[in-house]
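Beneath this line is the structure, given in structure tokens, with notes to follow.
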Amino acid sequence: MSRELDNSSLAERLDAFAALLDLAGASYYTARAYRRAAELIRATPAPVSELVRQGRVRELRGIGPGIERRLVELVETGRIAELDELEREVQPQIVGLGRFLGLSAKRSVEIAQTLGVTTPEGFREAARAGRLREVQGIGAKREAAILAALEREERPKPRRGLTLNRVRVLVEPVAAAVNGVVGGDPRRWRELSERLVIVSSDNNALDRFHELPEIVAVVDGTVGVTVEGVPVELVVAPAERFGTELLRGTGSEDYVSALEPLPTGATEEEVYAALGIPWCPPELREEPHSEEPPALLELADVRGDLHCHTTWSDGKASILEMGEAAHDRGYEYLAICDHTPSVGAVPGLTEDMVRRQGEEIAAANETLAPFRILRGIECDILRDGSLDLPDDVLAELDWVQASVHGGQRMPARELTKRTVEAMRNPHVRCLSHPKGRILNHRPENALDLDRVFEVSLQTGVALEVNGLPDRLDLSGEHVRRAVEAGVKIVVSTDAHSVRGLANMELAVHTARRGWATAADILNTRSLEAIATRR
Ligand SMILES: [Zn+2]
Ligand SMILES: [Zn+2]
């Protein structure tokens, strides 16, 4: 029998298996089941090998018979035969290159087999020698497209930017494994990341990088490609130049090139000091500037979350659960803002339900005092600018978010008129996700923000920075304009679960990208201070 495998080695093998299943085109759910099992095993305090041997491993939630079989094989023989086989068959390196070139995993492997190549280098050589045409189904046009893609290969980019929640899950474990720091777009908290950089001063970083199961191919020596086909650049810098390379690797390119030539420094602080300008938070490194940055908003400044959902509409947790979680985060208050009926796709609260929900909130408040759950609503703005609940109901509530859901595509004049009309309702406190964008899916609407700022100043209605990772709306650029105009801003999560409350971090960093300080943000204030519109 082989050496006893500990939990983390078992998990690693399952992760590798999941990665190969992905590449081989297995169903998303199968690969995910293996990833989850790996996660579960890592989190299990008891030695899982023992459980496997005792036939008890299925007592762990999420381990089904299929995964149990693999675990038994792994514990008994030290390997998974199908994993080895998949590795031969799938040729992860080829598939990784294929992803760059816009080829499916299956197609990449077919082409490699026809050409009789087994490495990315072999693939490139064969392609450049004009041999792609030997492959059935590749004509002149397709060949030209692949060759052009190979030309661009030097600095590959994901086809679409990655949202912050995805990119962080992807890149943080890689950075940890190579003892490095995440730079590039995620360090600046860009809403969509295209350039992922990891800077490390560990001499073994490159070797470890090559060995990571997450990295299926390395192009150009230092650009790794993840299973998802996303390029990650590794910069290895000697400790005395770490600050210089971190600054350069963080970008933006425009910002950095205005500072070039960068002095040598072990930390960014040293580099900035040598440049004779104050250290600049990464969020403010888009356009070149050498201004003294203000004391930006911090997560710890936030005293409550003013937009979340519960099981009363489309949320996953109860009022009490959301309240407890918000309390545990150190907040003083939380506004429950479930939907109203017009939202359509999900359940919405009628007048009657709003009142019954009020009773449940009152009961939760007795349990959680002095923490306060506010009676709120995310009230749809109807097409004519009226609101989806009668005024007397809205008047009972502590916090009214007004939202456009249907009809985002209206022309600027109509959409702005409709929105402004709703803002003039005396019960409305905040305009939700004003520009209505869904990153990678739906562009911003035509709402005239300058007009909205004017009305916001007149009425005291705040504008939201919605922290859902595919919204981040207002964006950093919009926040900057809003701050300059002097309007009030709320950072919110629009959480639909307890976990969703953690997206406050995204809202805060988005506001920071707009140069916002705590004073610009309404929910850095006490409950008393936000009780009324003015
Ligand atoms: Zn909404
Ligand atoms: Zn919402």
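For ligands, and for the atoms within them, numbers begin at 1 and follow the listed sequence.
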* Could you tell me which N, O or S atom of E378 is nearest to the Zn ion (ligand 1)? =>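 Minimum-distance N/O/S atom of E378 relative to the Zn ion (ligand 1) is OE2.
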* Asked: Under 4.0 Å between a Lys/Arg side-chain N and an Asp/Glu carboxylate O for K488 and D520?
  ->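 No.
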* **With the Zn ion (ligand 1) as the apex, the NE2/NE2 angle for H405 and H433 - to 10°** =>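 The angle at the Zn ion (ligand 1) comes to 100°, rounded to the nearest 10°.
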* To do: Check all N, O or S atoms of D494 and name the one closest to the Zn ion (ligand 2).
  =>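 In D494, the heteroatom (N, O or S) nearest the Zn ion (ligand 2) is OD1.
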* To do: Taking both backbone and side-chain atoms into account, decide whether H307 has an N/O/S atom under 2.8 Å from the Zn ion (ligand 2).
  =>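 Yes, since at least one N, O or S atom of H307 sits under 2.8 Å from the Zn ion (ligand 2).
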* Please confirm if an N, O or S atom belonging to H309, backbone or side chain, lies less than 2.8 Å from the Zn ion (ligand 2). =>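 Short answer: yes, at least one N, O or S atom is under the cut-off.
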* Are D314 and H496 close enough that a side-chain donor and a side-chain acceptor fall under 3.5 Å? ->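 A donor-acceptor contact under 3.5 Å links the two side chains.
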* Please work out which of the three classes, parallel, tilted or perpendicular, describes the rings of F371 and H327, given edges at 30° and 60°. =>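 Ring orientation, 0 to 90° scale: perpendicular.
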* Separation between CG of D398 and CD1 of I373, rounded to the nearest 0.5 Å ->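 So the gap between those two atoms works out to 11.0 Å.
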* To do: Please say whether more than 12 non-hydrogen atoms of neighbouring residues, nucleotides or ligands are located less than 6.0 Å from CZ in R424.
  =>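 Yes, because the 6.0 Å sphere around CZ of R424 holds more than 12 heavy atoms from other groups.
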